[in-house]
Amino acid sequence: MKTLREIVLDARNRKVAVGHFNISNLETLWGIFNAAKGLDVPVIIGVSEGERDFIGVPQVVALVKSFHEEFDYPIYLNADHTYSFDKVKVAIDAGFDSVIFDGAKLEFEDNIKQTKQCVEYARSTGRDVLVEGELGFIGVSSKILDAVPEGVDLSEKSLTDPEKAKQFVEQTGIDMLAPAVGNFHGMLRGGVDPKLNIERIKAISQTIGIPLVLHGGSGNQEDDFRGAIANGMAIIHINTEIRAAYKQGLKIGLNENPDEIAPYKFLKPAVKAVQDVAEKKLRVFNNL
Ligand code: G3H
Ligand code: ZN
């Protein structure tokens with residue numbers, strides 16, 4: 001079985017991207033797994049601090065590991081947006097394949113200092129745990145939005161600067177970088193977010209030479225994904241569209257079976273709705 005590092009580097013070389021989808025429960029995990037397995041592509045499961053608190057850290061590790069082992073499948077677990085070294089350490093110790101230290105809101109020097117501490121800890125374990133750093137603020141919530149999130153500036157001057165990114169990568173030793181390139185967390189009501197800055201993605205990728213991660217993928221369109229992947233994005237995160245599909249599927253399940261009390265029956269449409277969204281994205285990310 002390939003390591004996550006091998007999977008990501010291979011994706012970057014082949015100009016495809018690994019899909020990263022967030023979960024809050026087992027049904028969502030099944031939907032995403034079914035989609036990936038149906039297409040025979042690797043997949044990353046992400047859990048934010050809130051999602052981890054809800055599922056349980058050892059529990060989510062055990063769940064994803066069970067899919068990895070039972071199906072001998074390239075499915076990996078990422079500690080998404082983690083805001084403290086202590087929580088990064090907990091995730092690494094629990095057996096996550098990768099962690100994100102999110103210092104996007106910190107001053108540049110402080111972001112470097114704390115991200116570097118996470119990288120050093122990951123290396124000290126002797127396991128190959130990938131560490132992703134964040135540079136450029138892109139908002140914090142995976143939800144339906146009426147406007148671009150407060151504090152997010154999509155103008156060129158506020159996007160991640162390639163030279164600063166280079167300095168950040170060199171001083172922290174991170175394995176992957178999440179830049180601000182016109183993306184943001186959440187999705188505008190209506191489902192279409194502003195276009196990404198593909199030129200900036202290209203410039204950052206060429207300058208830093210490590211895989212890039214596109215966050216806030218919900219609401220971005222197919223041509224943007226293709227441009228982003230062709231220019232260095234090796235992982236793409238989707239959460240809002242997964243959450244919306246789950247809720248919609250759940251509503252259908254409840255409405256269609258008003259007297260049903262067996263969760264495994266009324267939750268089936270939720271699993272299917274998640275699976276459909278994940279499959280659609282994975283087809284684009286993997287050029288299928
Ligand atoms: O880390 C999670 C993602 O970046 C999800 O963003 O909710 O806009 O898809 P999204
Ligand atoms: Zn994100």
Side-chain angles (χ1 to χ4, degrees), residues 8 17-24 28-29 31-32 35 43-55 60 76-83 87-88 91 96-105 111 115 130-152 154 160 174 176-196 201 211-222 224-225 228-229 233-248 273-274 277-278 280-282 284-285:
V8 174
V18 187
H20 172 294
F21 303 95
N22 291 69
I23 65 164
S24 295
T28 313
L29 177 53
I32 294 162
V43 70
I44 302 170
I45 299 300
V47 272
S48 66
E49 289 187 355
E51 288 159 343
R52 265 175 272 171
D53 285 347
F54 184 73
I55 306 178
V60 73
Y76 303 90
L77 181 62
N78 174 47
D80 206 5
H81 302 286
T82 308
Y83 298 99
K87 287 198 172 175
V88 163
F96 279 62
D97 299 293
S98 59
V99 293
I100 301 179
F101 176 73
D102 186 346
K105 270 182 164 167
N111 191 1
T115 305
L130 300 182
V131 181
E132 179 182 328
E134 304 257 334
L135 197 57
F137 183 65
I138 57 167
V140 289
S141 301
S142 286
K143 59 183 182 186
I144 307 290
L145 304 163
D146 290 314
V148 172
E150 215 184 305
V152 174
L154 298 180
T160 301
I174 50 168
M176 309 178 291
L177 177 74
V181 287
N183 51 325
F184 53 81
H185 286 128
M187 176 175 74
L188 293 179
R189 205 177 292 283
V192 181
D193 283 357
K195 288 190 79 60
L196 300 172
I201 294 171
L212 292 176
V213 180
L214 180 67
H215 282 254
S218 296
N220 289 126
Q221 305 300 301
E222 207 171 310
D224 260 0
F225 285 136
I229 294 166
M233 286 293 178
I235 297 176
I236 300 181
H237 282 227
I238 304 284
N239 192 358
T240 306
E241 288 189 54
I242 292 288
R243 289 178 172 182
Y246 178 84
K247 188 173 175 186
Q248 189 54 28
V274 166
V277 169
K280 211 169 145 216
K281 302 295 178 192
L282 287 169
V284 176
F285 300 166

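Computed from heavy atoms alone, side chains included, the values below leave out hydrogens, waters and symmetry copies. One-based numbering, in listed order, for ligands and for the atoms of each.
At least one heavy atom of H81 sits closer than 4.0 Å to an atom of ligand 1. For G46, the closest heavy-atom approach to ligand 1 does not fall below 4.0 Å.
In terms of protein heavy-atom proximity, atom 9 (O) of ligand 1 is closest to S218 OG, 2.6 Å.
Sorting the N, O or S atoms of H215 by how far they are from the Zn ion (ligand 2) puts ND1 first.
Of the options I100, I238, D80, the smallest heavy-atom separation from atom 2 (C) of ligand 1 is shown by D80.
For F137, there are no ring pair (Phe, Tyr, Trp, His ring centres under 6.0 Å) partners at least two apart in sequence or on another chain.
When distances to the Zn ion (ligand 2) are checked against a cut-off of 2.8 Å, H237 contributes no N, O or S atom below that limit.
Near G186, the atoms of ligand 1 lying under 4.0 angstrom from a non-hydrogen atom of the residue are 7 (O), 8 (O), 10 (P). Close contacts between ligand 1 and N239 involve ligand atoms 5 (C), 7 (O), 9 (O), 10 (P) [criterion: under 4.0 Å to a heavy atom]. Of all atoms in ligand 1, listed by their number and element, those nearer than 4.0 Å to a heavy atom of S142 are 5 (C), 6 (O), 7 (O), 10 (P). Ligand 1 places these atoms under 4.0 Å from at least one heavy atom of H215: 1 (O), 4 (O).
Among the atoms of T240, some N or O lies under 3.5 angstrom from an N or O of ligand 1. Close N/O approach between N22 and ligand 1 is not found [any backbone or side-chain N/O within under 3.5 Å]. Between G216 and ligand 1, a contact under 3.5 Å exists for at least one N or O pair. For ligand 1, the polar-atom distance check finds an N/O of H237 within less than 3.5 Å of one of the ligand's N/O atoms.
The Zn ion (ligand 2) forms the vertex of an angle spanning NE2 of H81 and NE2 of H185; to the nearest 10 degrees it equals 100°.
The closest donor-acceptor contact from the side chain of R52 to the backbone of V47 lies under 3.5 Å. A donor-acceptor pair is defined here as one N or O able to donate and one able to accept, closer than 3.5 Å; no such pair exists between the side chain of N183 and the backbone of G217. A donor-acceptor distance shorter than 3.5 angstrom exists from the side chain of S218 to the backbone of E241, with no hydrogens or angles considered. Between the side chain of D193 and the backbone N or O of L188, at least one donor-acceptor pair lies under 3.5 Å.
Contact of the V60 side chain with the I23 side chain is registered, since non-hydrogen atoms from C-beta on lie closer than 4.5 Å.
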Evaluate the side-chain contact (heavy atoms from CB on, under 4.5 Å) criterion for residues N78 and L130: first the C-alpha distance (whole Å), next the side-chain angles of each, then the deciding distance (0.1 Å), finally the verdict. CA-CA 9 Å; N78 174 47; L130 300 182; over 6 Å; no

> Yes or no on side-chain contact (heavy atoms from CB on, under 4.5 Å) for I174 and F101, after CA distance, side-chain angles and deciding distance?
Replying inline: CA-CA 10 Å; I174 50 168; F101 176 73; over 6 Å; no

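The minimum heavy-atom distance linking G139 with P149 is given by the pair CA-CB, 4.4 Å.
Relative ring orientation between H185 and H215 is described as perpendicular, the plane-to-plane angle rising above 60° on a 0-90° scale split at 30° and 60°.
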